Structures are given as structure tokens and as C-alpha cells.
Number of protein chains: 2
Amino acid sequence: MPSPPVDPSTLRFAVLAVDVVVFALHEETLRVRLNPVDRPAVAGREGFPGGLVAPTESSEQAAARRLRDKAGIDPETVYLEQLHTFSAVDRDPRGRVVSVAYLGLTTIAEDVIDTDAADSDTLYSGSGARWQPMDDLPALAYDHDAMASVAGRRLRERLRATNLIGRLLPESFTLTILQDAFESLLGERLDRRNFRRRVQELGLVEPTGEERREGRGRPAALFRVAEADVRAIPLL
Amino acid sequence: MPSPPVDPSTLRFAVLAVDVVVFALHEETLRVRLNPVDRPAVAGREGFPGGLVAPTESSEQAAARRLRDKAGIDPETVYLEQLHTFSAVDRDPRGRVVSVAYLGLTTIAEDVIDTDAADSDTLYSGSGARWQPMDDLPALAYDHDAMASVAGRRLRERLRATNLIGRLLPESFTLTILQDAFESLLGERLDRRNFRRRVQELGLVEPTGEERREGRGRPAALFRVAEADVRAIPLL
DNA sequence: GGAATAGTGTCTTTCAGACAATATGTT
DNA sequence: AACATATTGTCTGAAAGACACTATTCC
């Protein structure tokens with residue numbers, strides 16, 4: 001339905017962008033995906049993967065596309081939800097750029113290379129992009145600091161209220177791993193017996209029937225998140 | 001503030017709009033503010049108050065401004081929070097218009113005139129704008145139907161989790177009124193004694209010390225919402 | 001056998017839900 | 001006195017929280 005083309009000189013307009021704050025869990029550490037930002041105006045700082053929205057795509061589509069292009073992550077493997085739209089007039093030195101930010105959850109892909117373990121504990125993933133621990137973020141480009149803060153708060157809210165933890169974990173996992181994940185994400189220590197009772201009675205997880213034997217010690221039963229789609233569960 | 005040196009012919013851009021879904025409570029009925037939409041393309045349908053975002057304002061500022069201009073409501077009296085950004089490519093027949101939607105809560109102003117009580121039970125407020133019962137919405141312009149649905153869901157979530165009910169009620173109120181409000185908003189009936197115990201033990205309300213005598217029957221103590229700012233309360 | 005990890009049951013306390021009688025005002 | 005509305009307390013069942021020992025495997 002092609003309509004009267006809008007004349008930008010008479011209409012108010014803005015450049016529309018998306019940014020995606022992608023979280024993943026790596027050995028009990030919550031990490032976010034950072035990309036180098038090459039614009040001169042922001043002087044070598046990093047930022048979340050993102051970019052401009054094309055005239056023919058919605059912001060959701062743009063977010064998925066940018067995940068692939070800018071972060072090399074298959075959007076199919078990422079849970080995305082809209083986070084917040086940032087529209088401060090001067091948030092981008094280039095001009096009026098409004099950004100629709102998305103929250104993303106994923107499992108860290110296998111292409112992750114743990115180079116340079118000495119230099120803090122950064123995980124690199126090629127081309128300078130990296131998974132940075134959420135509690136050790138550098139100063140970011142644009143208003144991505146604020147974005148990070150909003151995203152972190154929202155992530156915790158959602159983890160408490162839904163079964164989204166499943167999107168941060170591998171297909172199957174032991175209850176110990178699940179508990180470690182919650183403890184580290186929510187920053188509180190939980191009783192093992194009560195925790196196991198809860199997650200099973202609430203129907204958050206179900207046994208796969210397999211078990212994992214690893215190192216010494218008794219083998220652990222494997223579980224999966226019971227339902228694949230996002231479900232409201234008043235959790236912990 | 002002359003605007004950004006962006007050349008629209010080379011950059012992807014969109015027209016940026018805001019829409020505000022303002023809720024108010026009138027005699028236990030949840031109502032939203034509707035305005036006539038005059039664009040030919042949407043043929044006499046109504047929509048939420050809104051409009052384009054100026055190059056010099058954030059979407060928050062635009063939302064406040066539009067509340068005043070389009071709905072004649074003092075933004076100071078309205079609680080606003082960002083709801084969702086709607087960016088489907090064809091959501092506006094005029095072209096690419098992306099809308100940042102806001103959720104608004106307010107107390108119905110005194111300028112409300114209950115004309116035409118026969119014609120359903122619409123409350124008019126001058127210039128064709130009206131407060132329409134949320135459970136009796138007509139088909140709306142653009143994608144405002146979807147907006148209404150998102151806003152309704154979010155409103156109920158927020159009412160359950162915070163003290164925002166205070167933004168829908170007058171300064172002080174009786175516990176009966178508070179309970180009626182919850183019952184109608186959440187669509188469930190609550191036990192009087194348990195309800196009163198809860199709201200007081202949770203610290204949602206505190207007595208003002210005054211009482212209201214009205215009609216026959218025992219006078220009721222007046223309460224106010226204990227804290228003015230938004231607070232998380234796992235409510236009902 | 002010792003070390004390491006996984007797994008399990010009970011008791012207590014707290015909170016949610018069901019339930020009905022009394023108090024205070026008006027007419 | 002009749003009526004209308006507001007206010008209050010107890011009992012019961014369910015869920016949350018504290019708490020320590022047994023089971024299985026590897027070395």
C-alpha cells in the first residue's frame with residue numbers, strides 16, 4: 001500500500017536504530033556481547049551490537065539481522081524481547097538517532113575462544129567482539145551504559161518470574177548447574193534441598209533420564225526446562 | 001536547535017511518533033482516553049492521543065506535550081511509563097511511522113461531563129475526546145487495537161506488582177473503594193477481611209486520620225497510599 | 001577406605017484463604 | 001427500630017525456610 005512519500009524536510013523524522021544486549025552464561029559468569037565501535041566520535045569505546053533499521057523491516061527484524069551481521073550469532077538461537085527505546089536528543093553525536101533496544105538471551109556458542117586469560121578474563125569470539133562479564137563492564141559508547149543497566153535489571157526480573165533461565169543454559173543440565181546459575185544471577189545463596197524441591201514441584205524442570213558422570217563423585221541426573229516457550233513462574 | 005546534519009536520502013530514517021494510552025478509573029470502570037482521528041486514511045476511527053516527536057524533544061517529552069495538546073490533560077497529573085515501540089513497516093498508511101507508546105495513569109479530572117448517559121455510558125470531555133470503558137473499545141485506528149491490548153496487560157501486571165493503584169485513585173479513599181478498584185481492575189472478587197489485612201500489613205496504605213461520612217451507614221476511615229513513588233509490592 | 005559430588009526427609013514458622021459477628025452511623 | 005455500611009479475629013491448610021545425613025562414584 002504505497003502511500004504518499006513523506007518529505008523529510010517538512011516532517012519530523014529520526015534515524016532509527018536497534019541495539020541488542022545479548023546475555024550468555026559462561027561458567028557461572030553472566031556475560032554480555034560487546035562490539036568495537038569504530039565511529040571517531042566515540043573514540044574506541046565499545047558498544048552493544050546494533051545498527052540502523054532499514055525502511056523495509058521492523059525493529060524486531062532489524063534486531064535479528066544485526067545479531068547475525070554484527071555479532072555473528074544465529075538469531076534463531078537467541079531469545080529476543082523488546083527492552084526500551086532510547087530517544088534522548090543528544091544520545092548520538094551524529095544527530096538524532098533513536099534506538100530501540102532489545103534484550104537477548106543465548107547459550108555461548110562453541111566458537112568462543114578463551115584467549116588471553118591473563119587480561120582479566122575476557123572471552124574473545126573473533127574480530128574483536130567479546131563476551132564481557134556483566135559485573136565488569138568498561139565505559140561504553142553512546143548511552144549504552146544506561147542500556148546495560150536497564151537490561152541487567154530487566155534480566156533479573158524476568159529470571160525470577162519466568163522460565164527464561166532455560167535460554168541461558170544448554171539443552172540439558174544438572175540441578176547443581178541450575179542452582180549455581182541462579183545463585184550467581186540473583187546474587188543470593190540458596191539451600192540445596194529447598195531449591196531442588198521448588199524447581200521440580202513448580203514444574204520448571206523435568207528429568208531427561210540421562211545422567212552425567214564427570215570427574216570423581218556420584219553421577220548427576222540431567223534435567224531440561226519443562227516447557228520451551230516462555231511461561232510465567234513466580235520463581236525464587 | 002537546528003537539527004542534525006543527517007541526509008535523509010542516504011540514511012535510513014523513520015518518522016517518529018508517540019501515543020499515550022491513558023487509563024483512569026470512574027466509578028469502578030476502567031476507562032481509556034480516546035481522540036478522534038481525522039486522517040482520511042483511517043476513516044473516522046478513534047485512536048489514543050499522540051503525535052509526532054519534534055527533533056528537539058525526547059519521546060518522553062513528546063508524550064507529555066501530546067497529553068496536554070491532544071488530550072487537554074496536565075502531564076504533571078499523569079504517571080507515565082514507556083510501554084512498547086511499534087514499528088511494523090505498514091502500521092501507518094502514510095509511510096514509515098514508528099510509534100513509541102506510553103502507559104499513562106491518572107485520576108479523571110473534574111472537567112468530565114457525563115453527557116448522553118443513554119448512548120452506552122460514554123464520558124465526554126469536550127471536543128469529541130472521551131473516556132471509553134476499556135472493556136468496550138471500538139475498533140481503533142492504525143495498530144491501536146494491539147496497543148490497547150498490550151497496555152491492558154501491562155497495566156494489570158503493574159497493579160499487581162507495585163503501588164501504582166495510587167495513581168488511579170484520589171488522594172484519599174476508603175478501603176472499600178480501594179477494594180472495589182482492585183476487584184474491578186483484576187476481575188476477581190476478594191475477601192474483605194483478608195484484603196484489609198493485606199494492604200495494611202504490606203504497608204500499601206496508611207490511615208489519614210480523617211473519616212468520610214456519606215449517606216447512611218457507619219462512617220469509613222480514610223487512607224492514602226503510603227509512599228508516593230513507585231514501589232515494588234508483590235500485591236494480590 | 002577416603003575424597004568428591006549427588007541426592008533425600010522432617011520439623012517449624014509463616015502466609016494465604018475461608019469464614020460471621022459486632023460497631024457505628026443515618027433515617 | 002430498622003437499615004446501611006464499616007470494622008474486626010480465628011482457624012486451617014499450604015508453602016517457605018531451616019537443617020544433616022546417606023548414596024554413589026572415582027581414586
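On a predicted model such as this, the values are computed, not experimentally measured, just so you know. A note on names: the letters A, B, ... follow the listed sequences, proteins ahead of strands, and every chain is numbered from 1.
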Undergrad: What distance do A:D74 atom CG and A:L67 atom CG have between them, rounded to the nearest 0.5 Å?
TA: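 Rounded to the nearest 0.5 Å, the CG-CG separation comes out at 9.0 Å.
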Undergrad: So what does B:T176 touch, heavy atoms closer than 4.0 Å: a base, only the sugar-phosphate, or nothing?
TA: sugar-phosphate
Undergrad: How many whole angstroms separate atom CZ of A:R212 from atom P of D:dT24?
TA: 20 Å
Undergrad: Mind calculating the distance between CZ (A:R189) and P (D:dG17) to the nearest angstrom?
TA: 16 Å
Undergrad: Taking atom types as they are modelled, would you say the side chain of A:R218 forms a donor-acceptor pair with the base of C:dA4 within the 3.5 Å cutoff?
TA: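 A donor-acceptor contact between them is absent.
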Undergrad: Measure from CD on B:Q179 to C1' on D:dT5 and round the result to the nearest Å.
TA: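 Between C1' of D:dT5 and CD of B:Q179: 13 Å.
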Undergrad: For the side chain of B:A221, starting at C-beta, report the closest nucleotide among D:dC19, D:dT7, D:dG9.
TA: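 Selected nucleotide: D:dT7.
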Undergrad: When you match B:R197 and B:L175 each to their closest nucleotide on DNA chain D, which lands nearer the 5' end?
TA: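 Nearer the 5' end of the strand: B:L175.
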Undergrad: side-chain hydrogen bond (donor to acceptor under 3.5 Å, both in side chains) between B:S59 and B:Y102: does it pass, once the steps are laid out?
TA: CA-CA 9 Å; B:S59 59; B:Y102 282 79; 2.7 Å; yes
Undergrad: Between A:R213 and A:E211, does any NZ, NE, NH1 or NH2 come within less than 4.0 Å of an OD or OE carboxylate oxygen?
TA: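 A salt bridge is present here (some side-chain N lies under 4.0 Å from a carboxylate O).
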Undergrad: Between D:dA18, C:dT8, D:dT25, which one does the side chain of A:N194 approach most closely?
TA: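 Among D:dA18, C:dT8, D:dT25, the one nearest the side chain of A:N194 is D:dA18.
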Undergrad: Using the closest heavy atom to pick a nucleotide of DNA chain C for each, name whichever of B:E201 or A:T174 lands nearer the 5' end.
TA: A:T174
Undergrad: Using whole Å, report how far CZ of B:R193 lies from P of C:dA16.
TA: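 Rounding to the nearest Å, CZ of B:R193 and P of C:dA16 are 17 Å apart.
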Undergrad: Without decimals, in angstroms, what is the distance between B:E188 CD and C:dA18 P?
TA: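 So the two atoms are 11 Å apart, to the nearest Å.
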Undergrad: Rounded to whole Å, please give me the gap between CG in A:D191 and C1' in D:dA15.
TA: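 After rounding, the gap between these two atoms is 15 Å.
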Undergrad: Expressed in angstrom and rounded to an integer, what is the separation of B:R216 atom CZ from D:dA1 atom C1'?
TA: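 For the pair B:R216 CZ and D:dA1 C1', the rounded distance is 16 Å.
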Undergrad: Looking at the side chain of B:A220, which of C:dC19, D:dA6, C:dA4 is the nearest nucleotide?
TA: D:dA6
Undergrad: Regarding A:R198, tell me which of base, sugar-phosphate or nothing describes its non-hydrogen contacts under 4.0 Å with the strands shown.
TA: sugar-phosphate
Undergrad: Just call it for B:R196: base, sugar-phosphate, or nothing, with non-hydrogen atoms closer than 4.0 Å on any strand.
TA: base
Undergrad: Measure from the side-chain heavy atoms of A:R192 and tell me the nearest of D:dA18, C:dA20, C:dT8.
TA: C:dT8
Undergrad: Roughly how many Å is it from CZ in B:F195 to C1' in D:dT8, rounded to a whole number?
TA: 16 Å
Undergrad: Ion pair present between B:E188 and B:R160, side-chain N to carboxylate O less than 4.0 angstrom?
TA: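 A salt bridge links B:E188 with B:R160.
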Undergrad: Any side-chain to backbone donor/acceptor pair from A:T162 onto A:L159? Under 3.5 Å, distance only.
TA: no
Undergrad: With heavy atoms under 4.0 Å as the rule, sort B:R213 into base, sugar-phosphate or nothing.
TA: sugar-phosphate
